Number of protein chains: 2
Amino acid sequence: MYSSELIKGTLKTIILKLLSEEKRMYGYEITQKVKELTGGKIQLTEGALYPTLHALEAQGILTTEVVNVGNRLRKYYTVTSSGKLMADEKVNEFSDFMNTMIFLLDLKPKMGKA
Amino acid sequence: MYSSELIKGTLKTIILKLLSEEKRMYGYEITQKVKELTGGKIQLTEGALYPTLHALEAQGILTTEVVNVGNRLRKYYTVTSSGKLMADEKVNEFSDFMNTMIFLLDLKPKMGKA
DNA sequence: ATAAATACATAAATTTCTTATGTATATCTG
DNA sequence: CAGATATACATAAGAAATTTATGTATTTAT
């Protein structure tokens, strides 16, 4: 787990990127997917996730459909077309930001398991 | 300029890294150096910078010496030995975090002007 | 002379996230 | 089968970090 300061500000970017790829996902599913993809290094908390999803919905970035599974409900989120634009913008901005930080912090590019 | 959300959480890392390289710097100098190195993409605000410097000093991460230049004062900051350790930790953590994000956001490594 | 730059500082307001709490069903484990 | 854990949502109080605004004062450029 990273110190929480670092992760701040990336939540929307992560949500929009995942939803851009996966068609639709529900909140809990997003937390699990992020945990899985990062080997537990990033764990989204519900208290941060749900309010953010609600806000994105209110802005027309996401739409929802509630589905009953067994006896429990799931709220699926889908990105709208403007949401896809925003997802690209956010990812590009973060990418650009990383390059700036690599230069500023004098980091060597790492060719890892990618 | 990046959306401010992104820059959040990187302030201490930036300060400590610069001070680790430059021996000693004063607050205004840090803002100018960051602005210069990032082509204006990151501009530290005084309202964020000074309280953070004060906090780092209170924690023994930085020490200060006030110098009179002409008729104006400059407060120079220097990293202590524990500050150097913290600088390395912060930079390494951010580097690790970036790798995680590159994977999560499916970004291609960019060989740029570096 | 006036504006802009240099150089510090702090306080109120805002944003964003953490922590805590609440509800309810489903599944695993001994 | 009872209790713990996992699934699945939600919100509210508090904390943390930053923005915006304001203040003081000197120096340099126009």
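Only a predicted model underlies this, so the values are computations on that prediction, with no experimental measurement involved. Throughout, protein chains are lettered first and strands after them, A, B, ... in sequence-line order, and every chain is numbered starting at 1.
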Once you build an axis from the first five pairs and another from the last five of the helix from C/dA1-D/dT30 to C/dG30-D/dC1, how far apart in angle are they, to 10 degrees?
30°
DNA chain C: B/His54 or A/Thr52, which has the more 5' nearest nucleotide?
B/His54
Closest to the 5' end of DNA chain C, once A/Asn71 and A/Leu49 are matched to their nearest nucleotides, is A/Leu49
Would you mind reading off the distance between [X] atom [atom1] and [N] atom [atom2], rounded to a whole angstrom?
X: A/Gln43; N: C/dT18; atom1: CD; atom2: C1'; result: 14 Å
X: B/Leu53; N: C/dT10; atom1: CG; atom2: C1'; result: 14 Å
X: B/Met25; N: C/dA7; atom1: CE; atom2: C1'; result: 14 Å
X: A/Leu11; N: C/dT18; atom1: CG; atom2: C1'; result: 13 Å
X: B/Lys75; N: C/dT6; atom1: NZ; atom2: C1'; result: 17 Å
X: A/Asn68; N: C/dA24; atom1: CG; atom2: P; result: 15 Å
X: B/Leu6; N: C/dC17; atom1: CG; atom2: C1'; result: 16 Å

For [X], answer base if it contacts any base atom (sugar-phosphate contacts may also be present), sugar-phosphate if it contacts only those atoms, and nothing otherwise; contact means non-hydrogen atoms under 4.0 Å.
X: B/Arg72; result: base
X: A/Ile7; result: nothing
X: B/Glu46; result: base

Across nucleotides 11-16 of chain C, 5' to 3', mark each nucleotide with B, S or - according to how protein heavy atoms within less than 4.0 Å reach it.
-----S
Taking any atom under 4.0 angstrom from a heavy atom of chain B, which nucleotides of DNA chain D are the first and last to qualify, 5' to 3'?
D/dT18 to D/dT27
Those residues that, when tested against A/Lys75, pass salt bridge (Lys or Arg N to Asp or Glu O under 4.0 Å) (two or more places apart):
none
List the atom pairs, with distances to 0.1 Å, where a side-chain N or O of residues 35-43 of chain A and a protein N or O form a donor-acceptor pair under 3.5 Å, not counting sequence neighbours.
{"unit_1": "A/Thr38", "atom_1": "OG1", "unit_2": "A/Val34", "atom_2": "O", "d": "2.8"}
{"unit_1": "A/Thr38", "atom_1": "OG1", "unit_2": "A/Lys41", "atom_2": "N", "d": "3.4"}
{"unit_1": "A/Thr38", "atom_1": "OG1", "unit_2": "A/Ile42", "atom_2": "N", "d": "3.0"}
{"unit_1": "A/Thr38", "atom_1": "OG1", "unit_2": "A/Ile42", "atom_2": "O", "d": "3.4"}
{"unit_1": "A/Lys41", "atom_1": "NZ", "unit_2": "B/Asp96", "atom_2": "OD1", "d": "3.2"}

Do the side chains of A/Tyr76 and A/Met25 get nearer than 4.5 Å, heavy atoms only?
no
I need the minimum non-hydrogen distance between B/Ala87 and B/Ser20, along with the two atoms involved.
CB-OG, 3.3 Å
A/Leu44 and A/Thr31 have their tightest heavy-atom pair at O-CG2, 4.0 Å
Any side-chain hydrogen bond (donor to acceptor under 3.5 Å, both in side chains) pairs touching residues 50-71 of chain B, not counting sequence neighbours?
B/Arg24-B/Glu65, B/Glu57-B/Thr64
